[in-house]
Protein chains: 4
Amino acid sequence: MDLIDFRPTRDQFAYTFGGAAPIMRIKPGTAMRLWTEDAFNYALQSVDDLASEKVNLAEVNPQTGPFYVEGAEPGDTLVIHIVDLTPARTWGASAAIPFFGGLTSTDVTSTLQDPLPDTTWIYHVDSATNTVGFEPRFGSGPSVSLPIEPMLGTVGVAPASREVRTSLVPSRFGGNMDTPEMRAGTTVYLGVNVEGALWSLGDGHYRQGEGEACGTAVEGAMNVTVIVDLIKGGGPGWPRLESDSHYMAVGSARPLEDAWRSGQVELVRWFEQLYGLHHMDAYQLLSQMVQAPLANVVDVNYSVVLKAGKHHLPTAAAYDGVHARMRELAASLGTFSYDF
Amino acid sequence: MDLIDFRPTRDQFAYTFGGAAPIMRIKPGTAMRLWTEDAFNYALQSVDDLASEKVNLAEVNPQTGPFYVEGAEPGDTLVIHIVDLTPARTWGASAAIPFFGGLTSTDVTSTLQDPLPDTTWIYHVDSATNTVGFEPRFGSGPSVSLPIEPMLGTVGVAPASREVRTSLVPSRFGGNMDTPEMRAGTTVYLGVNVEGALWSLGDGHYRQGEGEACGTAVEGAMNVTVIVDLIKGGGPGWPRLESDSHYMAVGSARPLEDAWRSGQVELVRWFEQLYGLHHMDAYQLLSQMVQAPLANVVDVNYSVVLKAGKHHLPTAAAYDGVHARMRELAASLGTFSYDF
Amino acid sequence: MDLIDFRPTRDQFAYTFGGAAPIMRIKPGTAMRLWTEDAFNYALQSVDDLASEKVNLAEVNPQTGPFYVEGAEPGDTLVIHIVDLTPARTWGASAAIPFFGGLTSTDVTSTLQDPLPDTTWIYHVDSATNTVGFEPRFGSGPSVSLPIEPMLGTVGVAPASREVRTSLVPSRFGGNMDTPEMRAGTTVYLGVNVEGALWSLGDGHYRQGEGEACGTAVEGAMNVTVIVDLIKGGGPGWPRLESDSHYMAVGSARPLEDAWRSGQVELVRWFEQLYGLHHMDAYQLLSQMVQAPLANVVDVNYSVVLKAGKHHLPTAAAYDGVHARMRELAASLGTFSYDF
Amino acid sequence: MDLIDFRPTRDQFAYTFGGAAPIMRIKPGTAMRLWTEDAFNYALQSVDDLASEKVNLAEVNPQTGPFYVEGAEPGDTLVIHIVDLTPARTWGASAAIPFFGGLTSTDVTSTLQDPLPDTTWIYHVDSATNTVGFEPRFGSGPSVSLPIEPMLGTVGVAPASREVRTSLVPSRFGGNMDTPEMRAGTTVYLGVNVEGALWSLGDGHYRQGEGEACGTAVEGAMNVTVIVDLIKGGGPGWPRLESDSHYMAVGSARPLEDAWRSGQVELVRWFEQLYGLHHMDAYQLLSQMVQAPLANVVDVNYSVVLKAGKHHLPTAAAYDGVHARMRELAASLGTFSYDF
């Protein structure tokens, strides 16, 4: 298995899905050790750095990539298995950006009210306890240590229909789904829309609550190890995820119920394929067993994850068992240090 | 502690929150062993019973209650601690009711398409394994055994503003929230809107996936043990739930993002009270730690649960520690059999 | 034709659809001259009266009624023809009520932002020009005279399913639809849900923009003349309106697209009945000719009006031509003065 | 004034806003006579042409353009005055495309239901009466002649943030707003996002109902005359339109209430500029006078038009009176025939 190390320079980031020239061509079956910058593009380094002053909204969610996968054609299935996610800094940042987030009016949920106060929080990594620390910025209240649970906010391919979307958008092509399920051990299946797939990733979170209420997670640079593969044909309508324990689909749309509908139908379709069930039976079975955590209610589209636990289900081999093979390959990579 | 057993006769059910005369007056601090009929009002007993023919939509979600709590006044907090939920039949039913559910057009998400086929599934209880069994109704596919995880779809009080709502509605008064969090061990806090609170419960589910995609869970009659208490004042804006492990709030509205917004703001307000945090800090802290499972995307309003894990947090005593006291009282009840 | 004059005393108002005892029994085919209080219940009489201090939210949108129509049974069609609407005061009031309206966060579109400033505007009636006058309350800007175009915000019957809703709610039963189409010359068709129909009306507006952006119109007491009739059977799914020039349906729901879907499907159904068209042809024809003004985006449900111009269409006689007969009866009433 | 005639060849169409190379450079103050292909790209020519078989969804809504306007820079205001719209064929087409439109489930409002029947309607132009003719496709019902009221479904510029969107999308950059207000006599103001603005237009409709319920209008090739100008700075947040009688803003988003909020706030901002009103007073004044017709409830984003009638208002000169100058220039062009 090829193993490629790549840390982009600052001028190599992409800020879109689609529209950016590939930074590298890779073969299916390649392992990659990548570095990703934080979503603020390193603009918020202390609580005195305010988003309205420091963050360049045209250059947020910097993407590492896009990578051109040889042989990938529209209709194929791109497979990205997340082997490892390790914070690449000793701190992460979060912010309440004016008119951005879930409990404020925004650029489309427009009101005439004043914005919430522009505020930055810095979370320091405690390696001993593997936690990040919350510190109140407004008066009193406790400090709180929260476990580090690294995840990627964005994993995506170039969109269909000639489109180019900013890296803030989640949609059928993946993108900024902002789900904690995008963690080490997860395999992502994305429908390929253009030759080479042109996938990228970024937006590492040291942790994030479901919904990402304030609009930003504990954002931090990340060391990322993935294995990339390609399945000819079979491209799903919406991103599918597989872990050792769950089959998942992610729908992204507005209003939020349409995100749910899209993801839930996608999981029904997957269950028809996995188990030979009629769609009415898949609908019924999933109605009684699915978990439905919100991913985000703050991005350009909202995202919902639909999860079905494998432990309740007969054994099946999605995509001919590629997830299990990926897990074995990942184990074969052994432990290693990032030495960018 | 008083202990009241009550199994309603068929003509004693209520079908609304508000508007029904109280079936009984109780004192705060009373334990109750209740029986609840299934959501279909016992109309679907085999796969040949079709919802369109058998279910009387004016008499679904029959409520056990309403109960008048002595001393309860508008602005107070009604406390209902769920001690035990035990299936009262050896089978449960689920159905795809025409134009009802999440993956179909409905009476308000109206289209000109034909309905999905009216279908009933029966789930038999296997006491040995504590599971219910899914059987496909359309052609092939596996049978699947799913763990019994009893919960109540509806717990609510009479609404504010003189309103009367059907027992299909979730809202600020609780009602048909359809969340799996409404299980044994959970304490529910509801704002009292009318004298006596006039609370009721029903709609037992032997299990349910989050979102309740097809519109109905594994619906079944239930033996229910609760302890009811009253806190003067402090009525929350939206239902709050507490378990040994989590603080929770439930928002119910349409579109789904408004359900989320309402529940998320309610949890922010609770955290201000619990920890003396400024709302901006509570917003930030919860953004990084909350879980946000969907409850339902199929009822008159949609419902979202916002959950914050206590294990991350400093110790606090919500409502002066009533949940812990309820847990002790529940333990003191010992095991007992329902002998309706 | 019977002619009944009725001006309620302050203790005779109803604040709900359903749940209130009928104030009077009438026969089908009765003309009524009624008086309605303004939506603020006369609480805002000058710009110094602030909604947060003066308005009792439990007693807004006072209804004149409910009236019991003899012979009306569930499934019937109640016909209310608006003969005349005349302002009953020399001024109207409007207000930006904190957390109420379209360009602010609200009780369900919840955010953590501060409210907009609580503000009252008084519009004086100029009888000579038949206008009301807008005066800026914040600094500079022009005064603007706007034509008086009287309408009723609420016309409704008791809801189905044993429900009682506040007079702030628009739904299938009509209610607080807040559309300027509810003007003199319009005939309203409402499905009867309970014996006697129990209809009421109120919430007179001296004028209102579509959408009712700030949440309140130019609210004022109104002299109202209507003729009430009953058609056995044929109750529509959503309120239908007919004027000399248009067939209309009003859908009310959230999100706003569901209000549109509901109203648009209702108009398709009406066109199937009026012209014998297949629903696909009615869908197509209406797609090319319908007008779709918003009614309100601020109430408990949002409302959209779907209008089809009669001048494009072959002659038809909806409900056996009752609108034309109502227009003749209205003319026969002649001019008259209200002498409450 | 320069006058440019341009009819694109079939390989010159663009299918996106942004991302396409400019077809021509023009100076501000240029009049253009253009030809636009219909939204189906000429694929539906008879009722036997079905969308599922003939329409290439990657090549719908073909755009004439994009045109590079010399001197246009981000932040500027592009002015497009529509002088004349004349049908370029003797028939138009409309279709119910499977899973596309307002009264069907769609790719994001996903259900498990079957699609509505794939159907094409052809509307023949009657030049004598200036009407198009509706003919039922399913059984009985009347033929109906509807006035030709030509409009453009799409007018837009390249988006901000490096994005490329298909010509099916309406948003801040304009695009597929599908409003009947985009007719001869209207001036459109669009915020410039990229150098040269890169505007295009297309999607001519011989007529359309508000909401565009079935997803398609009476689609037809169009002869289009516009005058294009540039104002340095002042780019609006959302498209603004001006006619002799109205100031308008168009918001586009999902859910539909967010489209309304966005457009309504934009009109408030415009009124602050036009009349020096405080935003609270502009909010109040517009609440009593605005018209709010739906534009579309079927595209990638939904669109709402907010209209304020000039006849109620003091005289103002938006953008230094450019609309009035455009009207004079348009008149100076005289009548002319398209001779492509």
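So you know, we letter chains A, B, ... as the sequences are listed, proteins then strands, and number each from 1. Please read all numbers here as calculations on a predicted model, not as lab measurements. Computed from heavy atoms alone, side chains included, the values below leave out hydrogens, waters and symmetry copies.
Per-residue counts of heavy-atom pairs under 4.5 Å with chain D were compared for Ser287(C), Pro293(C), Pro314(C); the largest is that of Ser287(C). Contacts with chain C were tallied for Val265(D), Leu285(D), Asp258(D); Leu285(D) has the most, counting heavy-atom pairs under 4.5 Å. Here Pro117(D) is the residue among Pro180(D), Ala308(D), Pro117(D), Gly101(D) with the most heavy-atom pairs under 4.5 Å with chain C. Ranked by heavy-atom pairs under 4.5 Å with chain C, the first of Gly139(D), Gly276(D), Ala259(D), Ala282(D) is Gly276(D). With chain C as the partner, the residue from Arg261(D), His278(D), Gln284(D), Met280(D) showing the most heavy-atom pairs under 4.5 Å is Gln284(D).
For the pair Arg207(D) (side chain) and Gln288(C) (backbone), a donor-acceptor distance under 3.5 Å is present. Remark: the backbone N or O of Glu257(D) is not paired with any side-chain donor or acceptor of Tyr302(C) at under 3.5 angstrom.
Shown here for Leu277(C) and Phe134(D), the closest heavy-atom pair between the two residues is CD2-CE2, 4.2 Å. Residues Tyr283(D) and Leu103(C) come closest through the heavy atom pair OH-N, 3.1 Å.
Interface residue Pro255(D): backbone and side-chain heavy atoms are both found under 4.5 Å from chain C. Only the side chain of Thr109(C) comes within less than 4.5 Å of a heavy atom in chain D; its backbone stays farther off. Contact of Val304(D) with chain C is made through the side chain alone, with heavy-atom distances under 4.5 Å. With a 4.5 Å cut-off on non-hydrogen atoms, Tyr123(C) touches chain D through its side chain but not through its backbone. Residue contact with chain D, scored on non-hydrogen atoms closer than 4.5 Å, involves the side chain of Val268(C) exclusively.
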For residues 208-220 of chain D, which side-chain donor-acceptor pairs fall under 3.5 Å, sequence neighbours excluded?
from, atom 1, to, atom 2, distance (Å)
Gln208(D), OE1, His205(D), ND1, 2.9
Gln208(D), NE2, Asp178(D), O, 2.8
Gln208(D), NE2, Ala295(D), O, 3.3
Glu210(D), OE1, Ala292(C), N, 2.5
Glu212(D), OE2, Ala217(D), N, 3.2
Thr216(D), OG1, Ser94(D), OG, 2.9
Thr216(D), OG1, Ala95(D), N, 2.9
Thr216(D), OG1, Ala95(D), O, 2.7
Glu219(D), OE1, His205(D), NE2, 3.2
Glu219(D), OE2, His205(D), NE2, 3.4
Glu219(D), OE2, Ala217(D), N, 2.7

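The contact list for residues 141-148 of chain D toward chain C, using heavy atoms and a distance under 4.5 Å, reads Gly141(D), Pro142(D), Val144(D), Ser145(D), Leu146(D), Pro147(D) by residue number.
With rounding to the nearest 0.5 angstrom, the CG atom of Asp281(D) is 10.0 Å from the CD atom of Glu135(C).
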